[in-house]
**Student:** 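Below: one structure in structure tokens.
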Amino acid sequence: MSEADGSATGEVPRAGIWFPNGATSRVVLIGASTFASKDLPDIPAVRNNLEDLKAAFLHPRHGLFADTRPEHCTVLGLDEKEALDQRAIGGALGKARAAADDLLLVYYTGHGLVGDDSKLHLALEHTDPDQTGFTALPLSVLQRELASARAAARVLILDCCFSGRAVEAMGANHPLVSAPPPTRGVYVLTSTSANSLSMARKGHRNSIFTGALLQALAQPEPLSLGDVYQFVRHTQRVLEVAEPQTGGVGDAHRVALVRGPVPAGPSPVPQRWWRLPRRRSASRWLRGGVLVALTSAGVFVYATLDNGTAEPTSKPTPSATRPTRPPEARQPRPAERPTEGKPYATRKLTVVLNKTKRTPEGVLVGVNGLVGDIYHNGSKSAFGGGQGQIGGSSAARSDDGKGANTSGLVSFFVDTSARGCRAHGVAIGESAVVPGPSKEWTKVLVVDVTPKVPGTDEMGATFEVTQGRGPAPEGDKTCA
């Protein structure tokens, strides 16, 4: 490592900020912005995240690689002509791992998917949410590459839903933690917790997390990774989204990614000041306009925020198309017959996790996975469980009328008299449509998720199940 003047010392400083030597450091930036699967919405902000972080690392005066070759910062996901698959990522990581002696940093932005094994997988261009183990990038692959590197400092940064699982996995026997010398430190920074969603502000360039990261790198004095975490944490608290998570060992929390302020976009939040509460060298005043944006993803869900509320990406705000709480389910008259192009039965079902419930018309709905965040008076609590895939898109919020609102995703299956199917990562306010014979259809709308279904101690989800005949409505998610 090197001291503040950038000269290589071969030792980690005992105090102050740790400035890596760019000549012996490597950075790999990975981002997936477009997807072949209809269940994984494209994420335009991912490309912006990659472009802006690359510019920060290569800044001609203050960037980590200002004095070295630009190829020390490898970016995967910007060139549409190059495949973004496990082979390409493995090749880039292998080269970076072999060359890095000082710092090895790996960053991912895109959809995060939770597989049947409850482990985190990172979506790639051709990822199938139903086959994450074969088509996505397991988090364990990145961890293994970092663990086998010889770099003195190893850093993993994840900007996706449920990325906090990378921190939860770091037990005492984890390879990243127990790696032998010359490793002097390991640091993991994630955009959210293990069971929470990554959120986005509509109309902004970057994700909330990466936007805040870029704002931290734009501060007048370089911040260590530990102080960057505090900066991003404050930002996400102001926006009332799930807070970032961090974990590590050794001195890697003192690593600085730049040597001075680098350009960053304007902050969409009101300017305010706050003081980092840590050591004296970090107690300088910071401008607080740090909030920028993320995207739409599934389990990884990148949801959009607009004036403090979330809404589906590129879809109307839920309150503009339906009440926050759906009206009471209306009962069909016994003699009522299906009317062309209109619904003829609407039922409300609350289904406990890992159980099923059936409507009077015979539609069976079962929940095999859900996650949610409850926001109330500035605080947040997260919950989730199940064995199913929870990959999804943007999450809306439901309001209980008492100052609390909930965002969440559900994976469920539907069985009608004509067909059965499964839907993954369906957010509050989103729906899946099941076509049937003779122009009949069934629409299942997610109304709410809850950590405790009334009368039980179990988590569950509430659905609005509508049956109709004629032109089928368009669902937000595929039920296959």
Side-chain angles (χ1 to χ4, degrees), residues 28-30 93 103-115 117-123 132 136-149 151 153-179 183-199 207-210 212-213 216 223-237 241-255 257 278 294 297-302 371-373 380-385 390:
V28 180
L29 307 177
I30 306 167
L93 290 177
L103 168 68
L104 175 60
L105 183 148
V106 179
Y107 163 92
Y108 171 84
T109 175
H111 286 297
L113 303 169
V114 178
D117 57 358
S118 298
K119 301 296 180 61
L120 180 64
H121 297 72
L122 310 177
T132 54
L137 178 67
L139 171 64
S140 58
V141 172
L142 297 186
Q143 293 173 325
R144 184 173 63 246
E145 290 296 311
L146 287 169
S148 61
R154 308 170 190 189
V155 177
L156 175 63
I157 301 178
L158 300 176
D159 192 353
C160 64
C161 285
F162 313 124
S163 51
R165 291 170 188 254
V167 177
E168 282 192 351
M170 291 181 63
N173 297 323
H174 192 280
L176 276 176
V177 176
S178 59
T183 297
R184 305 291 182 85
V186 174
Y187 195 81
V188 177
L189 178 61
T190 69
S191 62
T192 188
S193 65
N195 293 316
S196 294
L197 316 177
S198 286
M199 310 296 286
S207 69
I208 287 177
F209 172 80
T210 298
L213 172 62
L223 300 181
S224 68
L225 281 171
D227 289 338
V228 167
Y229 161 72
Q230 296 289 346
F231 192 95
V232 176
R233 181 169 176 258
H234 180 90
T235 295
Q236 298 189 185
R237 275 188 171 183
V241 298
E243 295 182 12
Q245 303 294 307
T246 185
V249 294
D251 291 310
H253 68 279
R254 288 195 268 151
V255 167
L257 302 182
R278 290 153 53 86
L294 198 315
V299 121
F300 168 131
V301 171
Y302 275 135
V371 291
D373 292 330
K380 179 191 75 69
S381 59
F383 58 94
I390 318 176

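Note that the structure is predicted; figures quoted are calculated from it, not measured.
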**Student:** With a 4.5 Å heavy-atom cut-off, do Leu225 and Leu257 have their side chains touching?
**Tutor:**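 Yes, at least one pair of side-chain atoms sits under 4.5 Å.
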
**Student:** Just by distance, do the side chain of Arg154 and the backbone of Ala147 share a donor-acceptor pair under 3.5 Å?
**Tutor:**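 Flag set: sc Arg154 to bb Ala147 pair under 3.5 Å.
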
**Student:** If you round to the nearest 0.5 Å, how far is CG of Leu93 from CZ of Arg144?
**Tutor:** 10.0 Å

**Student:** Tell me the closest heavy-atom pair linking Leu104 and Leu146, and the distance in Å.
**Tutor:** CD2-CD2, 3.8 Å

**Student:** Excluding sequence neighbours, so at least two apart, what forms side-chain contact (heavy atoms from CB on, under 4.5 Å) with Ser140?
**Tutor:** Pro138, Gln143

**Student:** Could you tell me if the side chain of Leu113 sits less than 4.5 Å from the side chain of Leu120, heavy atoms only?
**Tutor:**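 Side-chain contact under 4.5 Å: no.
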
**Student:** Report the C-alpha distance between Thr192 and Ser163 in whole Å, list the side-chain angles of each, state the deciding distance to 0.1 Å, and finish with yes or no for side-chain hydrogen bond (donor to acceptor under 3.5 Å, both in side chains).
**Tutor:** CA-CA 6 Å; Thr192 188; Ser163 51; 5.7 Å; no

**Student:** Once rounded to the nearest 0.5 Å, what's the spacing between atom OH of Tyr229 and atom OG of Ser224?
**Tutor:**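 One gets 13.0 Å once the value is rounded to the nearest 0.5 Å.
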
**Student:** Walk me through it: do Thr109 and Ile30 pass the test side-chain contact (heavy atoms from CB on, under 4.5 Å)?
**Tutor:** CA-CA 6 Å; Thr109 175; Ile30 306 167; over 6 Å; no

**Student:** For Val155, does its backbone N or O pair with a side-chain atom of Tyr107 as donor and acceptor, under 3.5 Å?
**Tutor:**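 Such a contact is absent between Tyr107 side chain and Val155 backbone.
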
**Student:** Taking all atoms of both residues into account, what is the closest heavy-atom pair of Ala166 and Leu158, and its distance?
**Tutor:** CB-CD1, 3.6 Å

**Student:** Check whether any side-chain heavy atom of Asp159 sits under 4.5 Å from a side-chain heavy atom of Tyr108, and report yes or no.
**Tutor:**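 Asp159 does not reach Tyr108 side chain to side chain.
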
**Student:** Side chains of Val371 and Phe383: closer than 4.5 Å at any heavy-atom pair?
**Tutor:** no

**Student:** With a 3.5 Å distance limit and no angle check, can you tell me whether Ser196 reaches the backbone of Ser193 through a side-chain donor-acceptor pair?
**Tutor:**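 Flag not set: sc Ser196 to bb Ser193 has no pair under 3.5 Å.
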
**Student:** Quick one: OG1 on Thr132 to CG on Leu137, what's the gap to the nearest 0.5 Å?
**Tutor:** 11.5 Å

**Student:** Nearest 0.5 angstrom please: Lys119 NZ to Arg165 CZ, how far?
**Tutor:** 10.0 Å

**Student:** Specify the closest pair of heavy atoms between Ala252 and Val186, including all atoms of both residues, with the distance to one decimal.
**Tutor:**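 That would be CB-N, 3.5 Å.
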
**Student:** Are any non-hydrogen side-chain atoms of Leu189 and Phe209 less than 4.5 angstrom apart?
**Tutor:**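 Yes, at least one pair of side-chain atoms sits under 4.5 Å.
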
**Student:** Taking all non-hydrogen atoms of both residues into account, name the closest pair between Pro244 and Gln236 and its distance.
**Tutor:** CD-NE2, 3.3 Å

**Student:** Might you work through the side-chain contact (heavy atoms from CB on, under 4.5 Å) test for Leu213 and Val228, ending with a clear yes or no?
**Tutor:** CA-CA 7 Å; Leu213 172 62; Val228 167; 3.5 Å; yes

**Student:** Enter the distance from Ile157:CD1 to Thr210:OG1 here, rounded to the nearest 0.5 Å.
**Tutor:**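 These two atoms lie 8.5 Å from each other.
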
**Student:** Go through it in stages, so that I can follow the logic: the residues are Gln230 and Arg233, the test is side-chain contact (heavy atoms from CB on, under 4.5 Å), and I'd like the CA-CA distance, side-chain angles, deciding distance and then a yes or no.
**Tutor:** CA-CA 5 Å; Gln230 296 289 346; Arg233 181 169 176 258; 3.8 Å; yes

**Student:** Tell me, do Leu105 and Val255 make a side-chain contact under 4.5 Å, heavy atoms counted?
**Tutor:** no

